[in-house]
Amino acid sequence: MTKKLLKLGLCTGGGDCPGLNAAIRAVVTTAAKSHGIQVVGIKSGLTGLLHPESVKNLTVPDVDGILELGGTILGTNNQGSPFRDPIQAATTLAAIQKNWRRLKLDGMIVIGGDGTQFMAKRLSASGLNIIGIPKTIDNDLMGTDQTIGFATAVDIATEAACRLRTSAAAHDRIMILEVMGRDGGHIALATALASGADAVLIPEIPFASDVLLTHVKQRQKKGRNHYLVVVAEGCTTVGGEQLYSAANGNAKVLGGMGQYVASVLHAGTGRDVRVAVLGHIQRGGSPNADDRILAAMMGVRATQMAIDGDYGSIVGVRGGKLTTIPYKTLTHKRRAIRLDDPRIVAAEAMNICLGR
Ligand code: F6P
């Protein structure tokens, strides 16, 4: 009896991050080893299903050498969900379902952050066979301890922070590093701990400017003339609001909090302050070992789930073990740092100021 050929779609959606190609490679090589599975790459995220002509067959030679490559060989987009507008949503869903049938897909693996996984949830609820792999440098997806891209972003931010610290020390300056993370402080807090920063401001703990100023002055009194603050782009003052740097279609782009903190510290101390905004450097380039390993584990598990016909969930990792997050349980709530998180406890125990 000839074994039925399983045809799997694969796409990467949302903002890029290190480790996407590593996950693609894991899916394609696992599928190849299992025989009878064809993987087709859908270009530029889930909305690529609206353009079936750009679908590409993926075989082992296609993924050879991409493990350490940044970006994604499938392309991506974070232009927002076509399901936001209820009228557009119905037509988009119908078009996707039609193309799904035309492509004769048995299932699809969707590598993406919360925006993409919400679109995937919609497709899954409509009866399509979907499995998710979570990625985002922000590490804010509910149900998983870690997402692909986070570990590398922290490495990059840590290196930047350490470089800023030596420059700050040379000039007796206050240095501020603004990092990404949207409404979560995961990158900022990890970076502050790993770089030995003096202060870290995260969205989960609105900061009081006078507390930060007092901390800077106390440090100076003790003879430490330089000071390094890691600022999460989404943090706020107590009772204040997030700052936005530009408008990008429907999405608001966070930014400007580093500069705001600089103005507060300069006004309050009269000292020289400089700001570095790390931006998309955190998302580009080669994944570190942790992200490659996570991408391998999640890519293999997702493919195995497809082989088993186990659709309708996102792969996650909890307490070091792989797990699944059913799409039907996915809400718009993002994973924030808990106030009893050991990283917060460690930071404050080591006199890193959190502005409270
Ligand atoms: O979600 C990932 C992320 O990099 C956030 O940390 C950041 O706020 C946002 O995307 C930036 O998005 P864009 O690529 O649209 O500038």
Side-chain angles (χ1 to χ4, degrees), residues 11-20 23 44-47 70-72 74-82 84 110-120 132-144 146-158 160-161 177-192 200-204 230-236 241-260 275-288 291 294-295 314 330 332-337:
C11 76
T12 49
D16 71 324
C17 71
L20 294 177
S44 304
L46 267 178
T47 48
T72 158
L74 293 176
T76 188
N77 86 71
N78 62 351
Q79 295 308 302
S81 168
R84 250 195 319 247
V110 178
I111 307 171
D114 72 331
T116 304
Q117 297 303 352
F118 255 90
M119 288 166 61
I133 295 180
K135 69 85 218 169
T136 166
I137 62 164
D138 303 336
N139 207 22
D140 60 355
L141 207 87
M142 277 293 196
T144 183
Q146 193 138 333
T147 52
I148 296 169
F150 170 67
T152 310
V154 172
D155 275 1
I156 294 167
T158 299
L177 176 65
E178 182 182 303
V179 298
M180 283 185 167
R182 219 165 29 175
D183 301 327
H186 298 275
I187 297 176
L189 182 58
T191 301
V200 57
L201 306 177
I202 58 175
E204 290 84 349
V230 180
V231 173
E233 62 178 2
C235 75
T236 66
E241 291 188 349
Q242 289 178 325
L243 298 180
Y244 296 96
S245 64
N248 166 24
N250 289 323
K252 287 173 163 178
V253 178
L254 286 165
M257 198 38 95
Q259 204 57 57
Y260 173 79
V275 183
V277 179
L278 200 51
H280 296 79
I281 293 169
Q282 289 153 103
R283 294 208 328 222
S286 197
N288 71 5
D291 276 327
L294 190 63
I314 304 170
L330 193 68
H332 279 291
K333 199 165 181 286
R334 291 182 186 146
R335 197 171 71 90
I337 303 175

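Order of listing sets the numbers, starting from 1, for every ligand and every atom in it.
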Engineer: For Gln259, look at atom CD and say whether over 12 heavy atoms of other residues, nucleotides or ligands are found less than 6.0 Å away.
Structural biologist: no
Engineer: Contact between ligand 1 and Gly15 is defined here as a heavy atom of the residue under 4.0 Å from a ligand atom; is it met?
Structural biologist: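 Flag not set, Gly15 not near ligand 1.
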Engineer: Would you please test Asp114 and Arg182 for salt bridge (Lys or Arg N to Asp or Glu O under 4.0 Å) and show each step?
Structural biologist: CA-CA 12 Å; Asp114 72 331; Arg182 219 165 29 175; 3.3 Å; yes
Engineer: Hey, looking at atom 7 (C) of ligand 1, which of Lys252, Glu233, Arg283 has the closest heavy atom?
Structural biologist: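 The nearest heavy atom belongs to Glu233.
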Engineer: Describe, in one word, how the ring planes of Phe150 and His186 are oriented to each other, choosing from parallel (under 30°), tilted (30 to 60°) and perpendicular (over 60°).
Structural biologist: perpendicular
Engineer: Quick check on contacts: which atoms of ligand 1 are under 4.0 angstrom from a heavy atom of Arg182?
Structural biologist: 6 (O)
Engineer: Heavy atom to atom 2 (C) of ligand 1, shortest distance: which of Asp138, Asp114, Thr147, Val253 holds it?
Structural biologist: Asp138
Engineer: Just one of Asp291, Thr191, Asn288 clears the side-chain contact (heavy atoms from CB on, under 4.5 Å) bar with Asp155, so which one?
Structural biologist: Asn288
Engineer: Which one holds for Leu254 and ligand 1: side chain close, backbone close, both close, or neither close, with close meaning a heavy atom under 4.0 Å?
Structural biologist: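 Contact part for Leu254 vs ligand 1: neither.
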Engineer: With atoms numbered from 1 as shown, which atoms in ligand 1 lie under 4.0 angstrom from a non-hydrogen atom of Gly181?
Structural biologist: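 By the 4.0 Å cutoff, the relevant atoms are 6 (O).
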Engineer: Residue-level breakdown please: for Gln282 versus ligand 1, do any non-hydrogen atoms fall below 4.0 Å on the side chain, on the backbone, on both, or on neither?
Structural biologist: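 Under 4.0 Å from ligand 1, Gln282 contributes no heavy atoms.
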Engineer: Are Asn139 and Thr147 linked by a side-chain donor-acceptor pair shorter than 3.5 Å?
Structural biologist: yes
Engineer: Might you point out which heavy atoms bring Ala295 and Ala23 nearest each other, and give the distance in Å?
Structural biologist: CB-N, 3.6 Å
Engineer: Below 4.0 angstrom from a heavy atom of His280, which ligand 1 atoms are there? Numbered from 1 as shown, please.
Structural biologist: 13 (P), 14 (O), 16 (O)
